[in-house]
Amino acid sequence: MAARRRMPRAAPDADAAIHDAIARAIMQGRLRAGTRLPEHRLAEVFGASRERIRKVLHRLAAERRLELVPNRGARVPQPTMADVKSVYEAHRVLEAGVLSQLVAIIDAGLLATLDAHLAQERAAAERFDRAESVRLSGAFHLLLVDALGNAELSRFLRDLLSRSSVMVSVYEPASQSICAVDEHGAIVEALRARDLARAIDLSRHHFLHVEQRLRLEPPRDVAADLDALFGEMRAAE
């Protein structure tokens, strides 16, 4: 029987590397909704102790990238349709308020920042960099809210994005990433024209479109070949 491939024995400061590898696999859509991530298997794959793996899994769960199920361990979230509707309704309501304040203070500097960001989004979508596309898509909305300088609004949006980014990663077809870039661009053009009504309408339809692009699957436990998955990721780096 062929020996399983192993990553090198984890160094004391390897927590961040293990965290980033698992998070990247989720954001790239390599781990499907419901995929189980057993501690002992991850410990073997990463050459780390179960204690170290447990610490990383708890961090990912705190970031809402994983779920910890009692007596069953960690798994990739399986949001329901009700979860999706609740999160995207919150996105629509929050951003409408953000735009209503932003349109009065937007300036050439912020518009230049948004234009540069859109160029990065488009480049990531065109090279099919799934994880980067999801990250940049969320970062676009953070740029809008952070421009207001309200820490509570920014914190609330970051919490929403921790959930919606996983929903997009596991349920949105990768080919749809370019659609979000075009929709973001239209919002920026409305802000440039200081057309609040159009900006809010475009934002509302953008979040509706993202919600409609999600292809939810029936809840189930999914097993993955973690050796092969993380081995391929390492080979591609």
Side-chain angles (χ1 to χ4, degrees), residues 20-21 23-30 63 65 87-88 90-92 94-151 153-214 233 236-237:
D20 291 349
R24 190 165 63 253
I26 296 169
M27 302 310 279
Q28 289 177 344
R30 290 172 177 261
E63 295 167 351
R65 300 188 193 211
V87 166
Y88 280 94
H91 268 303
R92 290 190 291 273
L94 176 62
E95 190 153 289
V98 169
L99 293 171
S100 67
Q101 296 184 58
L102 193 59
V103 74
I105 64 171
I106 195 162
D107 57 19
L110 179 55
L111 285 168
T113 298
L114 292 170
D115 287 338
H117 185 85
L118 288 171
Q120 292 180 46
E121 281 194 65
R122 188 169 298 281
E126 290 176 348
R127 68 175 181 267
F128 303 105
D129 188 336
R130 179 63 168 167
E132 185 69 354
S133 288
V134 173
R135 185 190 71 79
L136 288 170
S137 181
F140 171 80
H141 299 284
L142 287 172
L143 284 173
L144 300 181
V145 73
D146 287 349
L148 299 180
N150 186 315
L153 286 176
S154 294
R155 179 193 57 77
F156 184 46
L157 179 57
R158 281 173 168 78
D159 184 62
L160 277 177
L161 285 170
S162 69
R163 301 185 65 194
S164 60
S165 293
V166 172
M167 293 174 179
V168 167
S169 297
V170 299
Y171 286 141
E172 184 188 62
S175 60
Q176 298 297 311
S177 294
I178 197 68
C179 298
V181 183
D182 294 337
E183 291 164 5
H184 289 171
I187 294 170
V188 171
E189 290 309 307
L191 286 172
R192 198 187 310 276
R194 296 184 184 274
D195 187 339
L196 175 60
R198 179 162 174 74
I200 290 176
D201 188 58
L202 288 166
S203 172
R204 182 174 69 85
H205 280 92
H206 165 59
F207 286 118
L208 282 171
H209 292 161
V210 175
E211 181 181 332
Q212 292 164 359
R213 288 196 291 265
L214 302 183
M233 290 178 65
E237 291 177 353

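Since we're looking at a predicted model, the values are computed, not measured.
Within the structure, salt bridge (Lys or Arg N to Asp or Glu O under 4.0 Å) pairs that include any residue of residues 136-145 do not occur (at least two apart or interchain).
Rounding to the nearest 0.5 Å gives a distance of 9.5 Å between CZ of Arg155 and CG of Leu153. One finds the OG atom of Ser133 at 10.0 Å from the CD atom of Glu126 (value rounded to the nearest 0.5 Å). Interatomic distance, CG of Leu148 versus CG of Leu157, reported as 10.5 Å (0.5 Å rounding). Residue Ser165 holds its OG atom at 11.5 Å from CZ of Arg158, rounded to the nearest 0.5 Å.
Residues satisfying the side chain to side chain contact (heavy atoms under 4.5 Å, CB included) criterion with Ile200, sequence neighbours excluded, are Ala96, Leu99, Leu196. Here His117 pairs with nothing under the ring-ring contact (aromatic ring centres under 6.0 Å, His included) rule; sequence neighbours left out. Under the side chain to side chain donor-acceptor pair (under 3.5 Å) criterion, Ser154 pairs with Asp146, sequence neighbours left out. Under the salt bridge (Lys or Arg N to Asp or Glu O under 4.0 Å) criterion, Asp195 pairs with no residue, sequence neighbours left out. Partners of His209 by side chain to side chain contact (heavy atoms under 4.5 Å, CB included), not counting sequence neighbours, listed by chain and number: Glu183, His205, Gln212, Arg213. Taking the side chain to side chain donor-acceptor pair (under 3.5 Å) definition, one finds that His184 meets it with Glu121, His141, His206, sequence neighbours left out. In this structure Ala90 satisfies the side chain to side chain contact (heavy atoms under 4.5 Å, CB included) test together with Leu160, sequence neighbours excluded. Looking at residues two or more places apart in sequence or on another chain, you find a side chain to side chain donor-acceptor pair (under 3.5 Å) between Arg135 and Glu132. Glu63 is linked by a salt bridge (Lys or Arg N to Asp or Glu O under 4.0 Å) to Arg59, Arg65, counting only residues two or more places apart in sequence or in another chain. Qualifying side chain to side chain donor-acceptor pair (under 3.5 Å) partners for Ser137, counting only residues two or more places apart in sequence or in other chains: none.
Put simply, the side chain of Phe156 does not reach to within 4.5 Å of the side chain of Val145, judged on heavy atoms. With contacts defined as side-chain heavy-atom distances shorter than 4.5 Å, the pair Gln28/Val134 does not qualify.
The minimum heavy-atom distance between Ser164 and Val87, with the atom names listed, is CB-CG1, 3.8 Å. Minimum heavy-atom separation, Leu136 to Ala124: CD1-CB, 4.0 Å. Closest non-hydrogen pair, Val103 versus Ser100, comes out as CG1-O, 3.7 Å. Residues Ala147 and Leu102 come closest through the heavy atom pair CB-CD1, 3.8 Å. Nearest approach of Val168 to Arg130, heavy atoms of both residues: O-NH2, 2.8 Å. Nearest heavy-atom pair, Tyr88 versus Phe207, reported as atom, atom and distance to 0.1 Å: CD2-O, 3.8 Å.
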Extract all donor-acceptor atom pairs below 3.5 Å that involve side chains of residues 105-114 and protein atoms in other chains or at least two apart in sequence.
from	atom 1	to	atom 2	distance (Å)
Asp107	OD1	Gly109	N	3.2
Asp107	OD1	Leu110	N	2.9
Thr113	OG1	Gly109	O	3.1

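Ionic pairing of Arg198 and Asp201 is not present here: no N-O contact between side-chain nitrogen and carboxylate oxygen is shorter than 4.0 angstrom.
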Please walk me through it: do Leu118 and Phe140 pass side-chain contact (heavy atoms from CB on, under 4.5 Å)?
CA-CA 8 Å; Leu118 288 171; Phe140 171 80; 4.3 Å; yes
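The backbone N or O of Ala199 lies less than 3.5 Å from no partner atom in the side chain of Ser203, so there is not a single donor-acceptor pair.
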